[in-house]
Amino acid sequence: MPELPEVEVVRRGLTDHVLGRTVSELELRGHRVARRHVPGPQHLTERLAGRRVAAVRRRGKYLWLDLEDSVGLILHLGMSGQLLIEPADAPDEKHLHARFRFADGGPELRFVDQRTFGGLALADLDAQGVPRTIAHIAPDLLEPAFDRDAVVRRVKEKHSAIKRVLLDQTVASGIGNIYADEALWRAQVHGERIASTLTKPRIRAVLDHAGDVMREALDQGGTSFDALYVNVNGASGYFDRSLAAYGQAGRPCPRCGTPIRREQFMNRSSFSCPRCQPRPRGPRAAGAA
């Protein structure tokens with residue numbers, strides 16, 4: 001699933017291509033793409049027609065178009081959603097689910113989703129311009145509203161595995177499995193360490209490393225392991241070449257040379273260095289499998 005850097009790459013691409021343009025028509029292929037919009041697909045297409053894109057915004061892994069009048073269109077990428085800018089005469093993609101046409105007659109915005117977990121939904125915006133349906137999502141590490149000291153205090157209060165806390169989008173949003181493993185490797189902390197047992201400086205270091213690694217990934221277009229994650233021009237990111245821990249099972253740790261290990265954690269894979277990130281002693285942390 002795309003994490004913060006991948007979604008931010010898409011946001012920047014959309015800003016370049018749709019900001020200030022007026023939607024003339026939204027064409028939907030089937031109803032599944034609009035299943036999150038409770039009033040239904042017809043209501044969605046009617047509400048979109050004639051609306052101007054005032055901004056393209058993101059919080060964590062969530063992306064939306066600010067359509068003015070305190071209304072936003074959330075664009076759920078899901079596991080495989082792609083937002084592509086295409087000439088109007090370009091052939092339709094195999095898994096095309098939605099097409100945005102604009103009043104200026106220029107390139108279209110297309111929503112393509114092979115696994116159909118993504119979709120579109122309108123939502124009212126709160127006073128901060130965030131869709132009310134995702135207002136419970138905490139500010140992410142790369143936005144001005146992020147309060148590092150407050151987040152450090154919240155993490156310190158958690159009697160749960162530090163990796164589980166990093167993945168909790170109500171604590172700090174945008175960190176997913178890839179960047180949690182990379183941040184923990186850089187901080188030399190095992191993901192099963194109980195958050196409350198870490199010192200505040202150590203927690204601060206983990207968060208700082210998470211922000212750093214996501215910025216580095218953003219500079220390289222994000223992380224792509226297959227053709228499903230692409231930017232609006234259809235190009236893949238290449239930060240996967242720079243990963244130190246995630247997906248590197250059996251390869252030497254870049255810091256000490258010990259083979260990276262793969263473990264199960266919260267029904268997903270976790271990658272760490274046995275020497276640099278020793279497993280905590282005693283009972284394993286809650287949430288580990």
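Residue numbers run from 1 in the order of the sequence given.
Under the 3.5 Å distance criterion, the side-chain polar atoms of R11 are left unmatched by any main-chain donor or acceptor of V7. Although no hydrogens or angles enter the test, the distance criterion places no donor-acceptor pair under 3.5 Å between the side chain of E46 and the main chain of L44. In terms of modelled atom types and a separation under 3.5 Å, the side chain of R32 and the main chain of T116 share a donor-acceptor contact. D126 contributes a side-chain N or O that, together with a main-chain N or O of Q128, makes up a donor-acceptor pair within less than 3.5 Å. Between the side chain of R154 and the backbone N or O of T170, at least one donor-acceptor pair lies under 3.5 Å.
A single hydrophobic cluster is not seen to contain both V171 and I137; linkage of ILVMFWY side chains at heavy-atom distances under 4.5 Å, directly or through other members, places them apart. Linking Ile, Leu, Val, Met, Phe, Trp and Tyr residues whenever their side-chain heavy atoms come within less than 4.5 Å leaves I134 and L75 in two separate clusters. Cluster membership for L63 and L125, using ILVMFWY side-chain heavy atoms within less than 4.5 angstrom, is not shared. When the side chains of ILVMFWY residues are joined at heavy-atom separations under 4.5 Å, either directly or via intervening members, L120 and V130 end up in two distinct hydrophobic clusters. With hydrophobic clusters built from ILVMFWY side chains whose heavy atoms lie under 4.5 angstrom apart, L26 does not share a cluster with W64.
With rounding to the nearest 0.5 angstrom, the CZ atom of R52 is 12.0 Å from the CZ atom of F102. Separating the CG atom in D140 from the CD atom in E8 is a distance of 8.5 Å, to the nearest 0.5 Å. Rounding to the nearest 0.5 angstrom, the gap separating the CZ atom in F111 from the CG atom in L96 is 10.0 Å. Summarising the geometry, atom OG1 belonging to T197 is positioned 9.5 Å from atom CZ belonging to R202; distances are rounded to the nearest 0.5 Å. Taking CD1 of I178 as the reference point, atom CD of E3 lies at 4.5 Å (rounded to 0.5 Å). Remark: Q82 CD to L77 CG distance equals 9.0 Å, nearest 0.5 Å.
Side-chain contact check for S242 versus Q220: some heavy-atom pair is nearer than 4.5 Å. Between Q264 and S269, the closest side-chain pair of non-hydrogen atoms falls below 4.5 Å. Y179 places a side-chain heavy atom less than 4.5 Å from the side chain of M214. Between R261 and S272 there is a side-chain heavy-atom pair separated by less than 4.5 Å. In this structure, the side chains of R99 and E25 stay at 4.5 Å or more apart for every pair of heavy atoms. Contact of the Q169 side chain with the R59 side chain is not registered, since no non-hydrogen atoms from C-beta on lie closer than 4.5 Å. With contacts defined as side-chain heavy-atom distances shorter than 4.5 Å, the pair L109/V23 does not qualify. The shortest distance between side-chain heavy atoms of F100 and L73 falls below 4.5 Å.
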H209 vs W185, side-chain contact (heavy atoms from CB on, under 4.5 Å): CA-CA, chis, key distance, verdict: CA-CA 9 Å; H209 283 306; W185 178 83; over 6 Å; no
Stepwise salt bridge (charged side-chain N to carboxylate O under 4.0 Å, His left out) check, K163 with D181: CA-CA 8 Å; K163 181 171 179 179; D181 279 359; 2.7 Å; yes
Steps toward side-chain contact (heavy atoms from CB on, under 4.5 Å) verdict (I203, V151): CA-CA 9 Å; I203 295 170; V151 173; over 6 Å; no
From CA spacing to verdict: side-chain contact (heavy atoms from CB on, under 4.5 Å), L166, L207: CA-CA 8 Å; L166 291 176; L207 293 173; 4.1 Å; yes
Candidate pair D208 and R148, rule salt bridge (charged side-chain N to carboxylate O under 4.0 Å, His left out), full reasoning: CA-CA 9 Å; D208 288 349; R148 187 181 67 167; 2.7 Å; yes
Full working for side-chain contact (heavy atoms from CB on, under 4.5 Å) between V112 and K94: CA-CA 8 Å; V112 177; K94 181 178 180 180; over 6 Å; no
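The shortest heavy-atom contact between F146 and A172 is CE1-CB, 4.1 Å. Here the shortest heavy-atom pairing between P131 and I74 reads CB-CD1, 3.7 Å. When all heavy atoms of M79 and P2 are compared, the closest pair comes out as O-CD, 4.1 Å. Between D113 and H97, the shortest heavy-atom contact is O-NE2, 2.9 Å. Shortest non-hydrogen contact noted between K158 and V165 is CB-CG2, 3.7 Å. Nearest heavy-atom pair across V206 and A187 is CG2-CB, 3.6 Å.
One finds no salt bridge joining D124 and R132 here, because no Lys/Arg side-chain nitrogen approaches an Asp/Glu carboxylate oxygen to under 4.0 Å. Classification of E182 and R186 as a salt-bridged pair fails, no side-chain N sitting under 4.0 Å from a carboxylate O.
Within 6.0 Å of the CD atom in Q42, the count of heavy atoms belonging to other residues, nucleotides or ligands does not exceed 12. Heavy-atom contacts from other residues, nucleotides or ligands closer than 6.0 Å to CZ of R251 number 12 or fewer.
H159 and S196 share a side-chain donor-acceptor pair at under 3.5 Å.
Ring orientation note: the planes of H76 and Y62 are nearly perpendicular, at an angle over 60° on the 30°/60° scale.
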